[in-house]
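Residue indices begin at 1 and follow the sequence shown. Computed from heavy atoms alone, side chains included, the values below leave out hydrogens, waters and symmetry copies.
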Amino acid sequence: MCGILAVLGCSDDSRAKRVRVLELSRRLKHRGPDWSGLHQHGDCFLAHQRLAIVDPASGDQPLFNEDKSVIVTVNGEIYNHEELRKQLPNHNFRTGSDCDVIAHLYEEHGEDFVDMLDGIFSFVLLDTRDNSFIVARDAIGVTSLYIGWGLDGSVWISSEMKGLNDDCEHFECFPPGHLYSSKERGFRRWYNPPWFSEAIPSAPYDPLVLRHAFEQAVIKRLMTDVPFGVLLSGGLDSSLVASITSRYLANTKAAEQWGSKLHSFCVGLEGSPDLKAAKEVADYLGTVHHEFTFTVQDGIDAIEDVIYHIETYDVTTIRASTPMFLMSRKIKSLGVKWVISGEGSDEIFGGYLYFHKAPNKEEFHRETCRKIKALHQYDCLRANKSTFAWGLEARVPFLDKAFINAAMSIDPEWKMIKRDEGRIEKWILRRAFDDEEHPYLPKHILYRQKEQFSDGVGYSWIDGLKAHAAKHVTEKMMLNAGNIYPHNTPKTKEAYYYRMIFERFFPQVS
């Protein structure tokens with residue numbers, strides 16, 4: 001994983017432009033402290049900041065095909081790269097990097113190869129034979145990506161907004177599951193699963209099918225040549241991820257290299273619910289557990305850095321990103337380079353408490369579809385950017401393509417919350433891992449009620465943020481909020497406070 005930056009078709013291919021691209025690429029250095037690469041072909045520049053996880057020795061980017069006519073810069077993890085290499089027997093690979101397959105797949109299949117990739121990715125591919133290029137982002141938007149347009153007709157691509165916002169006339173979020181082609185000068189959706197149309201599925205619920213699909217999603221993410229760990233809050237989702245990882249780690253290449261003892265990490269205010277629950281799960285699973293505490297003041301002091309890195313003014317995202325941002329720094333200091341995390345489960349299974357109010361299975365299903373489609377703006381953005389602020393990667397097995405397809409094909413009647421039948425939120429996931437003979441988790445953890453992440457780290461955290469914002473935002477400022485911020489007008493002092501900080505970093509109209 002890494003940070004990518006590309007400027008394509010600019011009117012200026014001078015030395016000054018190269019210097020500017022390098023300067024902007026350095027804004028993404030936190031995403032990839034292990035290597036910096038830049039390749040220029042005429043009026044196109046492809047830059048890369050690398051976080052080396054697979055093949056640290058030779059996988060530096062940009063990557064090329066055999067005759068260097070196809071150039072790629074990638075931020076991603078391609079979990080099926082070994083199978084894809086077998087499908088390309090006539091190609092010679094320069095590196096052992098999982099991303100090395102992309103240029104070769106393009107040679108064989110043209111622009112239609114993207115759906116063959118099983119993983120998370122954002123990439124820019126330049127075909128020097130006709131100076132055409134394509135850009136693509138993974139299905140759900142686990143990796144972050146932005147696109148912008150310069151006044152000179154250039155197209156800019158960056159892993160973060162800060163790589164292009166000062167130089168583009170207009171910029172926007174690159175839509176997940178889409179491909180941008182220079183030949184068509186526009187986007188097209190490459191990810192079209194059955195659930196995307198929001199038609200109501202009808203497959204019967206089979207606990208073992210769901211269990212197997214999720215276990216496979218976790219196991220494939222144990223692809224690594226560097227140390228890793230698991231984020232463990234003690235809630236259902238992170239506890240299941242930790243349980244499966246510890247159960248299957250021993251038989252992986254990762255265990256051969258780094259040992260079969262799993263490291264787990266948790267963050268919270270002193271005495272918070274998450275710290276207590278995580279310690280209990282860690283003791284049950286036998287992980288090497290690392291507990292990090294922070295104070296409300298520590299969090300408040302980090303808010304400006306958090307907003308600069310996560311590039312949003314969304315209140316809930318900032319509340320939850322701050323503890324994750326502080327924890328990621330501590331994890332990185334231990335020499336760990338990636339973590340496996342539990343994001344995405346609540347969206348797929350209707351885990352939020354308001355799903356209790358779903359009037360019928362049709363509305364329930366449509367709301368899960370809507371939540372998954374918006375993940376790139378919220379939980380994915382938080383998980384990606386608050387960890388990458390410190391050069392740490394987060395992997396999210398609940399958002400595995402095959403697992404989402406399995407979970408979203410189940411008749412949503414099974415996901416409905418029915419207290420009188422003993423079915424609490426995410427019951428079908430809990431039931432799938434309720435194994436009497438070889439238990440994954442203790443029963444009370446498996447059936448633990450959901451905590452919002454920003455509550456679980458400590459209830460006084462939200463109160464502290466609100467009190468701090470109230471000191472900086474007056475009633476008079478709130479009266480004029482609609483005039484100052486006509487788009488997405490902040491409704492609370494906390495929202496106004498975050499918006500002021502965001503606008504200072506990113507003042508552009510886009």
Legend entry - Trace of the ring pair (Phe, Tyr, Trp, His ring centres under 6.0 Å) decision for H178 with Y191: CA-CA 7 Å; H178 279 73; Y191 179 59; 9.9 Å; no
Legend entry - Sidechain-backbone polar pair: R448 side chain, A277 backbone, donor-acceptor under 3.5 Å: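 Pair absent, no side-chain N/O of R448 close to backbone of A277.
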Inset, instruction - May I ask you to decide if S69's main-chain N or O and T128's side chain share a donor-acceptor pair within less than 3.5 Å? - result: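 It does hold such a pair.
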Considering residues at least two apart in sequence or located in another chain, which fulfil the side-chain contact (heavy atoms from CB on, under 4.5 Å) criterion with [X]?
{"X": "H263", "value": "F265, V288, H290"}
{"X": "A389", "value": "H309, F325"}
{"X": "Y205", "value": "P207, L210, I410, W414, W427, I428, R431, A432"}

Inset, instruction - Sequence neighbours left out, what pairs pass salt bridge (charged side-chain N to carboxylate O under 4.0 Å, His left out) with at least one residue falling in residues 101-128? - result: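 For residues 101-128: E111-R188, D112-R188, D115-K401, D118-K220, D127-R129.
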Legend entry - Pairs involving residues 133-144, ordered by first then second residue, that meet salt bridge (charged side-chain N to carboxylate O under 4.0 Å, His left out) (sequence neighbours left out):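 Matches after skipping sequence neighbours: none remain.
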Legend entry - H104 ring center near F93 ring center (under 6.0 Å):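 Between H104 and F93, the centre distance is under 6.0 Å.
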Inset, instruction - Taking all heavy atoms of Y440 and all of S243, pick out the closest pair and write down the distance. - result: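 Where Y440 meets S243 most closely, the heavy atoms are O-OG, 2.9 Å.
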Legend entry - salt_bridge(E343, R382) N-O dist < 4.0 Å: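 Between R382 and E343 there is a salt bridge, with a charged N closer than 4.0 Å to a carboxylate O.
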Legend entry - Test: R430 and E425 ion pair at under 4.0 Å: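 Yes.
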Legend entry - Pair S238-S233, side-chain donor/acceptor within less than 3.5 Å: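 Yes, side-chain donor-acceptor contact under 3.5 Å.
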Legend entry - Parallel, tilted or perpendicular: rings of F502 and F506 (30°, 60°):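 Ring orientation of F506 relative to F502: tilted.
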Legend entry - Qualifying residue for side chain to side chain contact (heavy atoms under 4.5 Å, CB included) with Y79, from L222, D98, I120: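 Exactly one option meets the side chain to side chain contact (heavy atoms under 4.5 Å, CB included) with Y79, and it is I120.
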Legend entry - Residues forming a side chain to side chain donor-acceptor pair (under 3.5 Å) with S132, sequence neighbours excluded: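 Residues passing side chain to side chain donor-acceptor pair (under 3.5 Å) with S132: D130.
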Legend entry - R27/N165 under side chain to side chain contact (heavy atoms under 4.5 Å, CB included): CA gap, chis, key distance, verdict: CA-CA 12 Å; R27 292 185 183 180; N165 63 304; 3.9 Å; yes
